[in-house]
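Quick notes on the structure that follows.
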Amino acid sequence: MAYWLFKSEPDCFSYADLAANPDRTTGWDGVRNYQARNMIRDEIKVGDGVLYYHSNAAPPAIVGIAEVVREGHPDPTAFHPDADHFDPKSREDDPTWYQVSIRAVRAIEPHLTLPSLRAIPGLASMELLRKGSRLSIQPVSTVEWETIMSLAQFCNRS
DNA sequence: GCCAACGTTGGC
DNA sequence: GCCAACGTTGGC
């Protein structure tokens, strides 16, 4: 059992979008960074916990919890010339890019905003809070996860 | 819109 | 393998 943080721009695909999907589930496609790809392909397992983070938001924040429901498998959007993230280098018989599938578990309300997270001493070394941190998939330690769970309030229905 | 930080590309 | 140029990310 491991924990992760997934970034998404809410204008592109928000936590509410995830929760509105059939079975509250989506394939996390479009990751085109090798470090993130390696985690998706090799490390992220079914049952792992996911912090859902809204980047490029005002304010940026952790807004929900999700869980991994399918481990790494080839990202189909890389194969389709019409898709946003088409990559001709990724072939079906030798895929470059992978995705996992995640399911929305609970929305966090109020959101855990970036400034509020920076104020928590126990989270000082969190990857998300590092200056210049850009990875869209990040490992989260058990201690960080438990600290965040202790801060989070969850909607009754979410 | 600005800009710092980072990843990728490509010439050498 | 080095590194400058360039593109992207993402907070502010």
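Per chain, numbering begins at 1; letters A, B, ... match sequence-line order.
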What ring pair (Phe, Tyr, Trp, His ring centres under 6.0 Å) pairs are there with at least one residue in residues 36-70 of chain A, not counting sequence neighbours?
Tyr15(A)-Tyr52(A), Trp28(A)-Tyr52(A), Tyr52(A)-His54(A)
Going by atom type alone, with no hydrogens or angles, which donor-acceptor pairs under 3.5 Å involve a side-chain atom of residues 147-154 of chain A and a protein atom two or more places apart or on another chain?
from: Thr147(A); atom 1: OG1; to: Val143(A); atom 2: O; distance (Å): 2.8
from: Ser150(A); atom 1: OG; to: Thr147(A); atom 2: O; distance (Å): 2.6

Gap between atoms [atom1] and [atom2], on [X] and [N] respectively (whole Å):
{"X": "Ile137(A)", "N": "dT9(C)", "atom1": "CD1", "atom2": "P", "value": "14 Å"}
{"X": "Glu9(A)", "N": "dC12(C)", "atom1": "CD", "atom2": "P", "value": "15 Å"}
{"X": "Tyr34(A)", "N": "dT9(C)", "atom1": "OH", "atom2": "P", "value": "15 Å"}
{"X": "Gln138(A)", "N": "dT9(C)", "atom1": "CD", "atom2": "C1'", "value": "12 Å"}
{"X": "Met126(A)", "N": "dG11(C)", "atom1": "CE", "atom2": "P", "value": "13 Å"}
{"X": "Asp11(A)", "N": "dG10(C)", "atom1": "CG", "atom2": "P", "value": "13 Å"}
{"X": "His85(A)", "N": "dT8(C)", "atom1": "NE2", "atom2": "P", "value": "11 Å"}
{"X": "Phe6(A)", "N": "dG10(C)", "atom1": "CZ", "atom2": "C1'", "value": "19 Å"}

Once you round to the nearest 0.5 Å, how far does CG of Asp42(A) lie from CD1 of Ile44(A)?
9.5 Å
Partners passing side chain to side chain contact (heavy atoms under 4.5 Å, CB included) against Ala2(A) (at least two apart in sequence or in another chain)
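Testing Ala2(A) for side chain to side chain contact (heavy atoms under 4.5 Å, CB included), a comparison that skips the adjacent residues, returns Trp4(A), Asp48(A).
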Closer than 4.0 Å, any side-chain N/O of Lys7(A) to the OP1 or OP2 of dG10(C)?
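Checking dG10(C) against Lys7(A), a side-chain N or O does come within under 4.0 Å of OP1 or OP2.
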Below 4.0 angstrom from OP1 or OP2 of dT9(C), is there any side-chain N or O of Tyr53(A)?
no
Just by distance, do the side chain of Ser8(A) and the backbone of Phe13(A) share a donor-acceptor pair under 3.5 Å?
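Flag set: sc Ser8(A) to bb Phe13(A) pair under 3.5 Å.
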Residues of residues 55-62 of chain A with a heavy atom under 4.0 Å from any atom of DNA chain C, listed by number, are Ser55(A), Asn56(A), Pro60(A)
Contacts table for residues 56-73 of chain A: side-chain donor-acceptor under 3.5 angstrom, sequence neighbours left out:
from: Asn56(A); atom 1: ND2; to: Glu9(A); atom 2: OE2; distance (Å): 3.2
from: Arg70(A); atom 1: NE; to: His73(A); atom 2: ND1; distance (Å): 3.4
from: Arg70(A); atom 1: NH1; to: His73(A); atom 2: NE2; distance (Å): 3.4
from: His73(A); atom 1: ND1; to: Glu71(A); atom 2: O; distance (Å): 2.8
from: His73(A); atom 1: ND1; to: Gln99(A); atom 2: O; distance (Å): 3.3
from: His73(A); atom 1: NE2; to: Gln99(A); atom 2: NE2; distance (Å): 2.9

Would you indicate which nucleotide in dG7(B), dG11(C), dT8(B) comes nearest to any side-chain atom of Leu114(A)?
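Nearest listed nucleotide: dG11(C).
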Base, sugar-phosphate alone, or nothing: which one does Arg32(A) contact when heavy atoms must sit under 4.0 Å apart?
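No contact.
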Which ILVMFWY residues can you reach from Trp97(A) by hopping between side chains whose heavy atoms are under 4.5 Å apart?
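The other cluster members (ILVMFWY side chains, heavy atoms under 4.5 Å, direct or chained) are Tyr34(A).
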Give me, pair by pair, the N or O atoms of the protein and of nucleotides 1-6 of chain C that are less than 3.5 Å apart, along with how far apart they are.
none

Output side-chain donor-acceptor pairs under 3.5 Å for residues 109-116 of chain A, partner residues at least two apart or in another chain, one line each.
from: Thr113(A); atom 1: OG1; to: Ser116(A); atom 2: N; distance (Å): 3.2
from: Thr113(A); atom 1: OG1; to: Ser116(A); atom 2: OG; distance (Å): 3.2
from: Ser116(A); atom 1: OG; to: Thr113(A); atom 2: N; distance (Å): 3.1
from: Ser116(A); atom 1: OG; to: Thr113(A); atom 2: O; distance (Å): 2.7

Here the side chain to side chain donor-acceptor pair (under 3.5 Å) pairs for residues 120-131 of chain A, sequence neighbours left out, are Glu127(A)-Arg130(A), Glu127(A)-Ser133(A)
